[in-house]
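We count residues from 1, following the sequence as given. For ligands, and for the atoms within them, numbers begin at 1 and follow the listed sequence.
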Amino acid sequence: MQRWRGYDAAPGGWGRSVVTIGVFDGVHKGHQATIAHTVARARELGVQSVVVTFDPHPAEVVRPGSHPAVLSEPARKAELIEALGVDVLCVVPFTAEFSRLPAEAFVHDVLVEHLHAALVVVGENFRFGHRAAGDVALLERLGRTFGFAVEGAPLVAEAGTVFSSTYIRSCVDAGDVAAAAAALGRPHRLEGVVVRGDQRGRELGFPTANLLCHRYAAIPADGIYAARLVRRGQRQPLGAAVSIGTNPTFSGRERRVEAYALDFAGDLYGERLALDFVAHLRGQVRFDSIEPLVAQIAQDVERTRRALA
Ligand SMILES: Cc1cc2nc3c(=O)[nH]c(=O)nc-3n(C[C@H](O)[C@H](O)[C@H](O)COP(=O)(O)O)c2cc1C
Ligand SMILES: Nc1ncnc2c1ncn2[C@@H]1O[C@H](COP(=O)(O)OP(=O)(O)O)[C@@H](O)[C@H]1O
């Protein structure tokens, strides 16, 4: 997959293409269907498939301070999109100036002039251009003018729930990592760098890697989870019992994401890790002393083994 920064990065002799556009945060089942359709149609037509996405998240530019929790950071999003067989990922820097581009100008400049779209594939609820004034009907009208076709991909739903990034953020926020996984088609992933904590974990018999995450990362609700821990460059994940919260037993203040890696001993400080959340086990509890906390953690570890088996 080629990665372009900006839509004016198309090489000389660039032919026609099938394009889909979106933020695609999470690359959930609905996104996957839209992107897979784009790839399939491009192959039928014998042209390149292009996914146009934005960085940073448009909400941050349009309404500063309103950045939603991020389900997939740019590098992860690119990896997930690449796995769907896309030829080109075109990341458009979402600046204030770009946000003021009227819908018609967006279509002309990006889709027609630079990407030479023969077909544009979008979700039924797609909106674009300044003040999100453009919709699928406008895109179809402009397609007739400029000579490209438009196909609206149906929204993916299960049991009456239409999958969307907003819905998945609310699942993660509520600690329902199973519902998030059902909509994503894989577990929700949180990435971060291992930093020092209070150095208490190893005394308890359960050292925990404390993860420093991106400021907008979608962190599940406070509680205990079974997860898979992926170390960079290692294919086989480790099982992990993860605690998210303020360590109420120790009257902690800072909210932490800590992972006890099963059947592992070694130094993880400074490493970049990913946690794939498989199951929610329980909420945070304030214990009166250390013994019941340690006994509970031992039980959580056994439940984690079963949940991951
Ligand atoms: C599986 C697991 C479950 C935990 N459950 C709780 C809990 O219910 N209440 C609590 O106060 N701390 C809980 N903790 C957090 C411990 O208090 C924490 O790991 C310990 O304070 C070590 O902190 P440190 O890594 O900063 O040294 C849990 C930790 C793990 C690994
Ligand atoms: N099984 C394990 N799971 C997680 N971290 C481990 C494990 N074994 C060793 N470690 C190391 O121990 C550190 C955690 O020890 P801990 O006493 O909890 O200190 P801290 O408070 O700094 O997190 C981790 O960051 C990692 O480098």
**Study point:** Those atoms of ligand 1 less than 4.0 Å from some heavy atom in Leu204
**Key:** 20 (C)

Exercise for review: Record the part of Phe287 in heavy-atom contact with ligand 1 below 4.0 Å; permitted values are side chain, backbone, both and neither.
Suggested key: side chain

Check your understanding: Is Asp198 paired with Arg256 through a side-chain N to carboxylate O contact shorter than 4.0 Å?
Key -> yes

Review point. So, are Lys77 and Asp25 salt-bridged, with charged N and O less than 4.0 Å apart?
Key: no

Practice item. Do me a favour and list the nearest non-hydrogen protein atom to atom 10 (N) of ligand 2 with residue, atom name and distance? Key: Gly266 O, 3.1 Å

Exercise for review: Tell me which protein heavy atom sits closest to atom 12 (O) of ligand 2, plus the residue, atom name and distance to 0.1 Å.
Suggested key: Pro207 CB, 3.8 Å

Point to revise | Heavy-atom nearest neighbour in the protein, as seen from atom 26 (C) of ligand 2, with distance rounded to 0.1 Å | key: Leu268 N, 3.5 Å

Check your understanding: Mind checking whether Phe146 and His108 have parallel, tilted or perpendicular rings, split at 30° and 60°?
Key -> tilted

Review point. Does the side chain of Val50 reach to within under 4.5 Å of the side chain of Trp14, using non-hydrogen atoms?
Key: yes

Study note, to complete from the structure: Of Pro292, Ala240, Ala241, the residue with the heavy atom nearest atom 1 (C) of ligand 1 is Ala241

Exercise for review: Output yes when the distance from some N or O of ligand 1 to some N or O of Tyr260 is under 3.5 Å, and no in every other case.
Suggested key: no

Practice item. Provide the number and element of each atom of ligand 2 under 4.0 Å from a heavy atom of Arg196. Key: 22 (O)

Point to revise | Structural part of Val194 in contact with ligand 2, heavy atom criterion under 4.0 angstrom | key: side chain

Point to revise | Greater than 12 external heavy atoms within 6.0 Å of Asp288's CG | key: no

Check your understanding: Which atoms from ligand 2 have a heavy atom of Asp267 less than 4.0 Å away?
Key -> 27 (O)

Check your understanding: How far is atom 13 (C) of ligand 2 from its nearest protein heavy atom, and which residue and atom is that?
Key -> Tyr269 OH, 3.6 Å

Practice item. Considering the heavy atoms of Gly197, write down every atom of ligand 1 situated less than 4.0 Å from one of them. Key: 26 (O)

Revision key, fill the gap. Under 4.0 Å from one or more heavy atoms of Arg200, ligand 1 contributes atoms 20 (C), 21 (O), 22 (C), 23 (O), 27 (O)

Check your understanding: Is Gly201 close to ligand 1, meaning an N/O of one under 3.5 Å from an N/O of the other?
Key -> yes

Check your understanding: Just checking, Arg200 and Phe250: is the charged tip under 6.0 Å from the six-membered ring centre and within 45° of the axis?
Key -> yes

**Study point:** Interfacing atoms of ligand 1 (cut-off 4.0 Å, heavy-atom, Asn210)
**Key:** 25 (O), 26 (O)

Exercise for review: Number the atoms of ligand 2 from 1 as they appear, then name those within less than 4.0 Å of a heavy atom of Asn210, with their elements.
Suggested key: 23 (O)

Practice item. Indicate yes or no: at least one non-hydrogen side-chain atom of Arg231 is less than 4.5 angstrom from one of Leu273. Key: yes

Check your understanding: For atom 16 (C) of ligand 1, which protein heavy atom lies nearest, and how many Å away is it?
Key -> Asn247 OD1, 3.9 Å

Check your understanding: Glu203 near ligand 1, heavy-atom distance under 4.0 Å?
Key -> no

Exercise for review: May I ask you to list the atoms of ligand 2 that are less than 4.0 angstrom from any heavy atom of Ala265?
Suggested key: 8 (N)

Exercise for review: List the closest protein heavy-atom neighbour of atom 3 (N) of ligand 2: residue, atom name, distance to the nearest 0.1 Å.
Suggested key: Ala261 N, 2.9 Å

Revision key, fill the gap. Under 4.0 Å from one or more heavy atoms of Gln199, ligand 1 contributes atoms 27 (O)

Practice item. Return yes when Gln296 approaches ligand 1 closer than 4.0 angstrom through a heavy atom, no otherwise. Key: no

Exercise for review: Could you see which bit of Ser243 sits under 4.0 Å from ligand 1, with heavy atoms only: side chain, backbone, both or neither?
Suggested key: side chain

Check your understanding: For ligand 2, which atoms have a heavy atom of Gly201 less than 4.0 angstrom away?
Key -> 16 (P), 17 (O), 18 (O)

Exercise for review: For ligand 2, find out whether one of its N or O atoms is nearer than 3.5 Å to an N or O atom of Phe264.
Suggested key: yes

Check your understanding: Under 6.0 Å from the CD atom of Gln236, do we count more than 12 heavy atoms belonging to anything else shown?
Key -> no

Review point. Do any nitrogen or oxygen atoms of Arg286 come within less than 3.5 Å of a nitrogen or oxygen of ligand 1?
Key: no

Review point. With a 6.0 Å cut-off on ring centres, are Phe163 and His28 close enough?
Key: no

Check your understanding: Which part of Ala259 is near ligand 2, with near meaning a heavy atom under 4.0 Å away: side chain, backbone, both or neither?
Key -> backbone

**Study point:** Proximal atoms of ligand 2 relative to Asp198 (non-hydrogen, under 4.0 Å)
**Key:** 21 (O)

**Study point:** Glu79/Arg76 ion pair, N-O < 4.0 Å
**Key:** yes

Review point. Do other residues, nucleotides or ligands put more than 12 heavy atoms under 6.0 Å from the CD atom of Gln234?
Key: yes

Check your understanding: N/O of Val285 under 3.5 Å from N/O of ligand 1, yes or no?
Key -> yes

Point to revise | atom 14 (C) of ligand 2: the protein heavy-atom neighbour that sits closest, reported with distance to 0.1 Å | key: Thr208 O, 3.1 Å

Practice item. Identify which one of Arg189, Arg215, Arg272 satisfies the salt bridge (charged side-chain N to carboxylate O under 4.0 Å, His left out) criterion when paired with Glu73. Key: Arg272

Exercise for review: Check whether the ring centres of Phe94 and His57 lie less than 6.0 Å apart, and answer yes or no.
Suggested key: no

Point to revise | Asp276 side chain to Arg228 backbone, donor-acceptor under 3.5 Å | key: no

**Study point:** Any donor-acceptor N/O pair, His116 side chain to Gly15 backbone, under 3.5 Å
**Key:** yes

Check your understanding: When only distance counts, is Arg256 in polar contact with ligand 1, meaning an N/O pair under 3.5 Å?
Key -> yes

Check your understanding: Which one of Arg202, Gln199, Arg200 has a non-hydrogen atom at the shortest distance from atom 21 (O) of ligand 2?
Key -> Gln199

Exercise for review: Answer yes or no: is there an ion pair linking Arg41 with Glu151, defined by an N-O contact shorter than 4.0 Å?
Suggested key: yes

Exercise for review: Give a yes or no on whether Arg131 atom CZ has more than 12 heavy-atom contacts from other residues, nucleotides or ligands under 6.0 Å away.
Suggested key: no

Study note, to complete from the structure: The atoms of ligand 1 lying under 4.0 Å from a heavy atom of Gln284, numbered in the order shown, are 6 (C), 7 (C), 8 (O), 9 (N), 10 (C), 12 (N), 13 (C)

Point to revise | Sub-4.0 Å heavy-atom approach of Phe250 to ligand 1 | key: yes

Point to revise | Salt bridge flag under 4.0 Å for residues Arg305 and Asp300 | key: no

Exercise for review: Record the part of Leu293 in heavy-atom contact with ligand 1 below 4.0 Å; permitted values are side chain, backbone, both and neither.
Suggested key: side chain

Practice item. Ignoring hydrogens and angles, tell me if any N or O in the side chain of Gln32 forms a donor-acceptor pair with the backbone of Leu184 under 3.5 Å. Key: yes

Practice item. Give a yes or no on whether Leu89 and Leu80 share a hydrophobic cluster (residues Ile, Leu, Val, Met, Phe, Trp, Tyr; joining criterion: side-chain heavy atoms under 4.5 Å apart). Key: yes

Practice item. Provide the number and element of each atom of ligand 1 under 4.0 Å from a heavy atom of Asp300. Key: 1 (C), 3 (C)

Study note, to complete from the structure: When distances are taken from atom 19 (O) of ligand 1, the protein heavy atom at minimum range is Glu258 OE1, 2.6 Å

Point to revise | Closest protein heavy atom to atom 20 (P) of ligand 2, given as residue, atom name and distance to 0.1 Å | key: Gly197 N, 3.3 Å

Review point. Is the Tyr7 ring parallel, tilted or perpendicular to the Phe98 ring (thresholds 30°, 60°)?
Key: tilted

